[in-house]
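All values below come from the heavy atoms of this structure, side chains included, with hydrogens, waters and symmetry mates left out. For ligands, and for the atoms within them, numbers begin at 1 and follow the listed sequence.
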Amino acid sequence: MMSCDAMPSIPTLRKDDKYHVFISYSTVDSIWVSRLIHKLEETFPDLKICFHERDFVPGKTVIDNMVECIQGSQKTVMVLSPDFVRSRWCLFEANLSMFQDCMLQKVIVPIMLKPCPIPLHLSHLTYLEADDEQFFDKLTQVLLSNNSQLAHSSLIHYQPSFLYNGKSLLTLPALNENGGNWQPGAFASDFVPDSLRVVLDDSRIYKEAIEIINGIPSSNSLLRFTVCQVFFCLLLVVVFIYNSGYIIASIATFSEGSVYFNMLPFLPIVMVGVLLMPILCIKIVCWKFCQAKLVTREMVKKTGQANLIFSKNSVLAGCSSRTQLYFVYASLHQCMETFYITFGHSSVLATNMWEKAIITYSSEYACCLARKHFPFNFTDSSGHVENGICFCQFVAHQLRMEK
Ligand SMILES: [Zn+2]
């Protein structure tokens with residue numbers, strides 16, 4: 001990224017620059033930040049640092065102050081922590097249009113101070129870890145480099161509408177979110193949600209794909225469950241009455257040749273019935289749970305089928321539960337190309353294999369992308385996604401696991 005041989009000198013400020021760096025942080029983290037600022041100013045007396053406790057102009061709004069500080073600084077350091085995401089970043093996201101222009105040409109240096117969800121607009125950037133032993137050296141190297149030197153660094157450049165593979169576009173809740181476990185989720189299909197419009201503008205395509213997911217026939221399990229419960233209760237009552245009657249009557253009138261004596265051979269059947277009852281009971285309790293799992297599995301399959309349509313528009317849907325769909329940006333051209341190279345160009349086999357892979361694995365892949373978490377580590381960097389796992393790598397891994 002940068003040469004380490006010589007410490008670069010402090011970059012000169014252009015006429016529009018007031019500061020070398022603006023440090024944005026949450027006041028909760030101010031002790032750590034003021035120590036850092038102190039150390040930086042002590043080590044590099046000529047480095048002009050801007051931070052809100054000292055440099056915000058009283059009487060102006062926080063937003064105006066922030067915009068001015070970002071505009072007047074060569075670089076912006078963001079100290080990420082849960083409090084930062086809650087306070088500063090919220091302001092930023094809520095006023096994104098105001099910040100977007102002033103951020104475009106700027107270098108952003110995210111520092112991870114405390115683990116927190118990384119804001120979407122920063123998630124493609126590499127961040128510095130505050131607990132890294134060489135943190136201070138790495139930070140000063142970035143701060144003392146000219147922005148032009150950093151042009152190809154993965155630390156920087158704010159890209160507001162930049163689409164990259166794996167970017168989360170939308171989390172879509174089902175219309176029947178609060179319905180019972182029995183019913184598959186139903187999703188609105190009439191119009192394309194705003195956050196998908198960037199990549200998918202045709203409402204007919206969107207409708208067609210969503211209708212596939214919505215097309216799971218409503219389960220009649222609820223009815224079966226109720227019938228089974230009623231049957232179970234009746235059986236319980238009958239067995240109870242029979243047993244009580246049997247015991248009372250047999251004590252009172254037990255003698256050879258009486259009705260109850262004659263029914264003695266049926267006693268084992270009754271006992272078996274009583275023993276089987278707990279099993280039936282457990283089965284009924286588990287039923288609801290199994291049914292929810294079954295519905296989700298069916299929805300995952302349908303989502304895979306819908307992805308045959310979505311993937312042509314570089315979108316993948318992921319179904320993580322009955323009531324939620326994730327949408328991520330995923331351009332699969334190169335992965336598809338790999339399938340065709342593997343199975344032969346213009347072969348029916350290649351097309352079939354590709355479609356089968358999409359139907360079987362794309363929903364889970366999309367969920368992993370959306371959560372930014374894969375259930376396995378992957379060190380092979382020969383995939384088609386920079387710093388990530390591409391679809392063909394994911395499929396290959398799943399196939400190996402199944403074997
Ligand atoms: Zn690939």
Side-chain angles (χ1 to χ4, degrees), residues 1 118 120-127 152-155 157 159 161-172 195-196 198-200 205-206 209 212-213 297 299-320 325-403:
M1 189 168 70
I118 298 182
L120 183 65
H121 290 282
L122 297 181
S123 60
H124 62 293
L125 301 182
T126 312
Y127 49 81
H152 300 293
S153 160
S154 63
L155 262 175
H157 292 303
Q159 288 156 310
S161 58
F162 173 64
L163 284 170
Y164 55 94
N165 267 324
K167 176 174 174 168
S168 280
L169 298 170
L170 167 73
T171 303
L172 187 69
S195 27
L196 280 187
V198 200
V199 275
L200 179 63
I205 293 177
Y206 180 74
I212 294 176
I213 303 171
R297 201 184 305 158
M299 282 185 64
V300 167
K301 214 164 94 187
K302 290 284 178 187
T303 308
Q305 282 168 10
N307 278 339
L308 286 176
I309 298 171
F310 281 135
S311 62
K312 288 178 185 145
N313 296 276
S314 300
V315 174
L316 283 183
C319 168
S320 62
L325 287 182
Y326 291 122
F327 287 89
V328 292
Y329 178 79
S331 167
L332 301 181
H333 290 293
Q334 285 174 296
C335 294
M336 191 161 90
E337 191 63 25
T338 306
F339 266 72
Y340 278 90
I341 291 168
T342 312
F343 296 104
H345 272 279
S346 70
S347 80
V348 182
L349 179 69
T351 312
N352 286 346
M353 292 309 271
W354 175 251
E355 288 183 353
K356 205 175 157 197
I358 291 278
I359 292 170
T360 318
Y361 300 109
S362 64
S363 169
E364 200 186 336
Y365 178 66
C367 289
C368 291
L369 285 178
R371 296 193 192 108
K372 305 208 182 302
H373 175 76
F374 284 84
F376 53 89
N377 284 326
F378 219 78
T379 43
D380 183 6
S381 58
S382 60
H384 304 115
V385 171
E386 210 179 323
N387 303 322
I389 293 167
C390 77
F391 184 60
C392 48
Q393 283 176 318
F394 184 78
V395 172
H397 180 270
Q398 297 303 87
L399 287 173
R400 269 200 303 277
M401 294 308 288
E402 280 163 27
K403 262 183 198 165

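Checked against side chain to side chain donor-acceptor pair (under 3.5 Å), Ser311 has no partners two or more places apart in sequence or in another chain. With sequence neighbours excluded, no residue forms a side chain to side chain donor-acceptor pair (under 3.5 Å) with Ser314.
Looking at every heavy atom in both residues, Ile309 comes nearest to Ile205 through CG2-CG2, 3.4 Å.
Classification of the Tyr206-Phe327 ring pair by plane angle, with boundaries at 30° and 60°, yields tilted.
In this structure, the side chain of Asn307 does not engage the main chain of Leu316 through any donor-acceptor pair within 3.5 Å.
Protein nitrogen, oxygen and sulfur atoms, that is N, O or S, within less than 2.8 Å of the Zn ion (ligand 1) amount to 4.
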Please tabulate, for the side chains in residues 349-357, all donor-acceptor contacts under 3.5 angstrom to protein atoms that are two or more places apart in sequence or on a different chain.
{"from": "Thr351", "atom 1": "OG1", "to": "Tyr340", "atom 2": "OH", "distance (Å)": "3.1"}
{"from": "Thr351", "atom 1": "OG1", "to": "Ser347", "atom 2": "O", "distance (Å)": "3.3"}

